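Below is one structure, written out as structure tokens; comments come after it.
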Amino acid sequence: MADPRPIGVFDSGVGGLTVARALMDLLPDEQIVYLGDTARGPYGPLPQPTVRDYTRQDVDWLITRDVKMVVAACNTATAAALEVDPLRFDRPVVGVIEPAVETAIRATRSRRVGVIGTEGTITSRSYDRAVARIGGEATKLFSQACPRFVTLVEEGRTTDPEVLEVARAYLAPLVAAQVDTLILGCTHYPLLTGVISYVMGPDVVLVSSAETCARSVFAQLIDHRLLAHHAGSTPGTVDHRFASTGDPATFARLARRFLGPRLSDSEVLAASDVATSS
Ligand code: DGL
């Protein structure tokens with residue numbers, strides 16, 4: 001049985017589009033309904049009870065869109081709501097923390113793992129609890145809040161000298177702690193993979209919570225028999241829906257940075273002469 005209903009994805013703003021993008025890559029036949037709470041985000045600096053309330057409202061909005069699964073594509077929301085008081089909902093709800101921790105625990109050799117995220121995510125200690133639960137006491141977690149990273153990414157700044165300087169300052173304690181695996185515990189950080197990897201060094205494995213979440217969604221769709229496409233059917237053109245609680249034009253402008261360049265048909269040249277050109 002195929003289930004054509006969309007997957008609901010929400011975030012405090014545009015950051016969760018890194019998760020949506022990973023989902024589109026892994027699951028091209030799935031329709032996504034994306035909600036970005038740009039009017040009330042960012043969630044990182046907000047008190048936990050406020051984030052919990054907003055998260056419940058975001059999930060409720062998605063449920064009214066008849067989604068088959070909800071993806072909390074926001075570390076701060078996952079930390080404040082899902083990890084503390086799992087939402088009662090008759091369909092699967094997938095967050096970003098557990099899948100990232102499971103991957104990090106498998107990747108680490110030294111059992112010294114780092115995590116970086118917003119103030120809200122780090123102070124909630126949700127990653128600490130997940131590491132203790134999944135990795136046991138033998139795994140040591142070193143946490144660092146990196147709030148400036150969010151504004152830098154939203155300003156489109158991922159390579160300039162100030163970004164490198166900020167990254168060096170934030171990551172110095174994790175370099176000193178000699179972690180061999182670092183969880184990018186915030187939706188925005190995959191866009192800073194270059195500078196984070198440069199500062200941490202090539203031996204440190206970076207775990208993107210966006211990618212690991214997408215892999216978990218893939219597995220859960222199969223396990224719950226919720227895939228949209230099944231063998232023998234013809235995949236159609238998927239029409240994703242994006243909604244923003246704030247100004248749609250601002251959302252669209254920032255969204256392009258996170259969703260990546262999407263080619264339009266007219267930009268693709270016909271290279272019919274390749275076989276005859278040598
Ligand atoms: N989406 C948030 C997260 O992954 C980052 C932006 C915010 O502070 O809301 O934690």
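Remember, it's 1-based here, ligands and their atoms both numbered in the order they're listed. Because the structure is a prediction, the values reported are computed rather than measured.
Residue Gly15 places no heavy atom under 4.0 Å from ligand 1. For Gly13, the heavy-atom gap to ligand 1 stays at 4.0 angstrom or more.
Counting heavy atoms closer than 4.0 Å to ligand 1, residue Ser12 contributes side-chain atoms (C-beta onward) but none from N, CA, C or O. Both the backbone and the side chain of Asn75 come within contact range of ligand 1, each with a heavy atom under 4.0 Å.
In terms of protein heavy-atom proximity, atom 8 (O) of ligand 1 is closest to Gly44 N, 2.8 Å. At the top of the distance list for atom 10 (O) of ligand 1, counting protein heavy atoms only, stands Thr76 OG1, 2.6 Å.
Ligand-side atoms of ligand 1 in range of Asp11: 1 (N), range being under 4.0 angstrom from any heavy atom. Counting atoms of ligand 1 from 1 in the listed order, those under 4.0 Å from a heavy atom of Thr118 are 5 (C), 8 (O), 10 (O).
Judged purely by atom type and a 3.5 angstrom limit, Lys68 uses its side chain to pair as donor or acceptor with the backbone of Asp3. Distance alone, capped at 3.5 Å, places no donor-acceptor pair between the Thr121 side chain and the Gly117 backbone.
Remark: the Arg40 side chain and the Gln57 side chain contain an N/O donor-acceptor pair separated by less than 3.5 Å. A side-chain N or O of Thr245 and one of Asp37 form a donor-acceptor pair less than 3.5 Å apart. Side chains of Thr55 and Arg52: no donor on one and acceptor on the other come within 3.5 Å. A donor-acceptor contact under 3.5 angstrom links the side chains of Thr118 and Thr76, judged on distance only.
Residues forming a side-chain contact (heavy atoms from CB on, under 4.5 Å) with Pro47 (at least two apart in sequence, or on another chain): Pro49, Thr50.
Nearest to atom 7 (C) of ligand 1 by heavy atom, out of Phe10, Tyr54, Tyr43, Phe149, is Tyr43.
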